[in-house]
Amino acid sequence: NPQPDDDGNVAVRVFKPTSFDDVCAVIDFLLLGKPAIVNVEAVKEQTIQRVMDILSGACYALHGTMSEISHNIYLISPSTQMI
């Protein structure tokens, strides 16, 4: 669920993709300059690597960071100074 910040804007959102196709929503959210928590526990084992590869590429393109919070749960933050 989205968590509003002091201005009522969404500060962070939790995504639980179940397939490779669900990753676009995460990237669209990152393009807004907002961090996302991505839980890939529901993704099939053979698809997790593809999901993480595309998220890593998006993170790199946005000059962001990716941190593993726990097994199969990641915090992805775009750069605060997006061009």
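All residue numbers refer to positions in the sequence shown, counting from 1.
- Among all heavy-atom pairs drawn from L30 and P78, the shortest one is O-CG, 3.6 Å.
- What you find for V40 and I48 is that their closest heavy atoms are O-CD1, 3.8 Å.
- By the criterion of side-chain heavy atoms lying less than 4.5 angstrom apart, applied directly or through intervening Ile, Leu, Val, Met, Phe, Trp or Tyr residues, V23 is grouped together with L31 in one hydrophobic cluster.
- In this structure, the side-chain hydrogen bond (donor to acceptor under 3.5 Å, both in side chains) partners of D22, at least two apart in sequence or on a different chain, are T18.
- For the atom pair S77 OG and K34 NZ, the distance stands at 12.5 Å (nearest 0.5 Å).
- Shown here are the ring-ring contact (aromatic ring centres under 6.0 Å, His included) partners of Y74, two or more places apart in sequence or in another chain: there are none.
- In this structure, CE on M52 lies 9.0 Å from SG on C59, to the nearest 0.5 angstrom.
- For residues 35-45, the set of pairs meeting the side-chain hydrogen bond (donor to acceptor under 3.5 Å, both in side chains) definition, not counting sequence neighbours, comprises N39-E41.
- L55 and L32 fall within a single hydrophobic cluster, where Ile, Leu, Val, Met, Phe, Trp and Tyr are joined by side-chain heavy atoms under 4.5 Å apart, directly or via other members.
- Heavy atoms only, all atoms of each residue included: S70 and E68 are closest at O-CG, 3.1 Å.
- Looking only at side-chain heavy atoms (C-beta outward), L75 and P35 come within less than 4.5 Å of each other.
- Placement of V12 and I69 within a single hydrophobic cluster is found when ILVMFWY residues are connected by side-chain heavy-atom separations under 4.5 Å, directly or transitively.
- Residues F29 and A36 approach most closely at CD2-CB, 4.1 Å, considering heavy atoms.
- To the nearest 0.5 Å, atom CG of residue N72 and atom NZ of residue K16 are 13.0 Å apart.
- In this structure, I54 and I27 have side chains that are in contact, with non-hydrogen atoms separated by less than 4.5 Å.
- From I37, atom CD1 reaches atom CZ of R13 across 12.0 Å, with rounding to the nearest 0.5 Å.
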